[in-house]
Amino acid sequence: MNCSAQEIYTLLRHYDKILLTAHVSPDGDAIGSLLALWHWLQLQGKKAVMVIDDDIDDRYDFLDGLQYINKPEQVETDDSWLTVVLDATGLGRIGQAEKLVRGKVLNIDHHISNEHFAQWEYVRPDCAATGEILTYLFDLWQRDWNTAMADALYTAIATDCGFFKFNNTTGHTLRMAALLVDHGARPDFISEHLDARSLEKLKALSKVLEHLELFDDGRISCLSYTPEVLKITGEHTGMYMDYARNVKGSEVAFTVKYVSDKETRVSLRSKGMDVNAVAAVFGGGGHVRAAGCTLDKPLDEAKKLIVKEIEKRL
Ligand code: 5GP
Ligand code: MN
């Protein structure tokens, strides 16, 4: 059950050693929320340590503090540490960082599929991003702000709602974004950095598009990241999802990414269908219109299974 905003404030003030973590394959919301809370705790004089069990896409390099994010093996904790799990539904989503969770846990998240696993939680599926929740909390607490926090939180919110284009964008989302701009967030600076592509990544687009397929008269679109494609794109492929989403007539878009001969990573996006339910069939989760899962199947087989599950709901 959710604790109150005041209880979270008291909790963060109470602990001196705080581990901050977020989900694997971190997106703008995971990274932005992590950095913002870390900056805020620094301002409160706390020892806070950030951990993510994954490499971070270099498109986020412009965010202040990124260089202080550790890999799990670089950190040691004990049961006197509070762990704050951001933007993740369960401990299964933080990879090897789970081994560092030795004391109590606070979970701040906005996923509908949240597992309600933590001692303390603040789960708000009505918010477009975990960054939106943190902005609300920091504003409520009326404490310190700096530009680094504002930029990180604006990045978190904007990336999770497609720069205010997706249907999770509410009046509250926009009000929180406005508040961040008042605190010094730079929408132009952030967009310019996030939109900038290396020539290599841009050229890779033609290869990626060769692997775009349509099913069910174009109502389903799919991008396949085969080992051959991944060799050209590199591991960070998030920027290509919109090409599948934006195919005219496509109601559900998904990507299948090669992990091994027996493992495939799937990302789903929809314009209305509940893809959280599709992901849940395979043990994954997320939101109604954006979700993900991992299948212990080869890429082509995973693709067929996902198409079948989507077709049931079309
Ligand atoms: P993405 O497709 O960008 O990896 O993920 C879309 C959304 O679904 C994100 O909010 C992400 O946190 C969530 N998500 C992705 N994969 C999983 C998964 O395997 N399990 C759960 N619970 N959520 C996931
Ligand atoms: Mn999020």
Side-chain angles (χ1 to χ4, degrees), residues 21-37 52-57 59-60 85-95 97-98 107-118 122-136 152-163 166 168-169 173 176 221-223 225 235-245 252-257 259 263-270 273-297 302 306 310:
T21 190
H23 64 78
V24 290
S25 303
D27 54 14
D29 190 24
I31 297 162
S33 296
L34 189 80
L35 288 173
L37 185 52
I52 289 190
D53 184 20
D54 241 326
D55 293 331
I56 294 171
D57 191 334
R59 57 198 290 243
Y60 300 108
V85 177
L86 294 162
D87 200 39
T89 50
L91 293 179
R93 290 280 295 146
I94 59 173
E98 184 176 359
N107 179 213
I108 302 177
D109 184 35
H110 70 127
H111 289 96
I112 190 94
S113 61
N114 190 281
E115 293 165 19
H116 306 290
F117 63 98
Y122 196 73
V123 180
R124 294 275 306 267
D126 57 316
C127 285
T130 300
E132 181 179 333
I133 303 174
L134 286 178
T135 307
Y136 166 77
L153 289 170
Y154 187 94
T155 301
I157 296 175
T159 51
D160 252 23
C161 67
F163 279 78
F166 299 160
N168 57 357
T169 308
T173 314
M176 293 304 102
S221 49
C222 170
L223 274 177
Y225 299 112
E235 269 309 302
H236 299 294
T237 49
M239 60 168 276
Y240 303 113
M241 175 54 107
D242 276 352
Y243 291 96
R245 261 190 101 248
V252 184
F254 73 101
T255 62
V256 280
K257 187 185 215 170
V259 180
E263 192 178 332
T264 303
R265 170 84 207 140
V266 178
S267 281
L268 296 136
R269 302 288 184 271
S270 92
M273 180 192 288
D274 183 359
V275 289
N276 175 50
V278 174
V281 171
F282 304 100
H287 310 283
V288 170
R289 296 187 181 206
C293 53
T294 302
L295 273 66
D296 293 329
K297 301 278 178 202
I306 296 287
I310 296 171

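Just so you know, ligand 1 is whichever comes first in the structure, and atom 1 is the first atom listed for that ligand.
- When all heavy atoms of Val24 and Gly95 are compared, the pair lying nearest together is CG1-N, 3.7 Å.
- Taking only nitrogen or oxygen atoms, main chain and side chain alike, Leu268 does not reach within less than 3.5 Å of ligand 1.
- One option in Arg269, His287, His110 has a heavy atom closer to atom 5 (O) of ligand 1 than any other, and that option is Arg269.
- At under 3.5 Å, not a single nitrogen or oxygen of Asp87, backbone or side chain, sits near a nitrogen or oxygen of ligand 1.
- For the pair Arg265 and ligand 1, the shortest N or O to N or O distance falls below 3.5 Å.
- In plain terms, the two heavy atoms of Leu35 and Ala152 that are nearest each other are CB-CB, 4.2 Å.
- A perpendicular orientation is assigned to the rings of His23 and His111, their planes being inclined by more than 60° (bins at 30° and 60°).
- Close approach of ligand 1 to Ala290 (heavy-atom distance below 4.0 Å) involves ligand atoms 6 (C), 7 (C), 8 (O).
- Of the N and O atoms on the side chains of Asp29 and His110, at least one donor lies less than 3.5 Å from an acceptor on the other residue.
- Within the 4.5 Å cutoff, side-chain heavy atoms of Val85 are placed close to those of Phe117.
- Scanning all heavy atoms of the two residues, the minimum distance from Asp109 to Asn107 falls at CB-ND2, 3.8 Å.
- Residues passing the salt bridge (Lys or Arg N to Asp or Glu O under 4.0 Å) test with Asp242: none are found, sequence neighbours excluded.
- The heavy atom nearest to atom 20 (N) of ligand 1, out of those in Glu115, His23, Arg93, is found in Arg93.
- The shortest N or O to N or O distance between Thr89 and ligand 1 is below 3.5 Å.
- The ligand atoms of ligand 1 that sit less than 4.0 angstrom from a heavy atom of Ser267 are 1 (P), 2 (O), 4 (O).
- Annotation for ligand 1: atoms under 4.0 Å from non-hydrogen atoms of Gly286 are 8 (O), 13 (C), 23 (N).
- Protein N/O/S atoms found under 2.8 Å from the Mn ion (ligand 2): Asp29 OD2, Asp87 OD1, His110 NE2, Asp160 OD2.
- Atom-to-atom distance recorded for Asp126:CG and Asn168:CG is 11.0 Å, nearest 0.5 angstrom.
- Atom 10 (O) of ligand 1 has His111 NE2, 2.6 Å as its closest protein atom, hydrogens excluded (heavy atom only).
- Of all protein heavy atoms, the one closest to atom 24 (C) of ligand 1 is Gly285 O, 3.2 Å.
- Of the protein's non-hydrogen atoms, Gly292 O, 3.5 Å is the one closest to atom 19 (O) of ligand 1.
- For the pair Val278/Val281, no side-chain contact is recorded, criterion being any heavy-atom separation below 4.5 Å from C-beta on.
- In this structure, Cys293 is part of the shell of residues with a heavy atom less than 4.0 angstrom from ligand 1.
- At least one side-chain heavy atom of Thr135 sits less than 4.5 Å from a side-chain heavy atom of Ile157.
- Using a 4.5 Å heavy-atom cutoff, the side chains of Asp27 and Asp87 are in contact.
- Looking at every heavy atom in both residues, Arg265 comes nearest to Thr294 through NH1-OG1, 3.0 Å.
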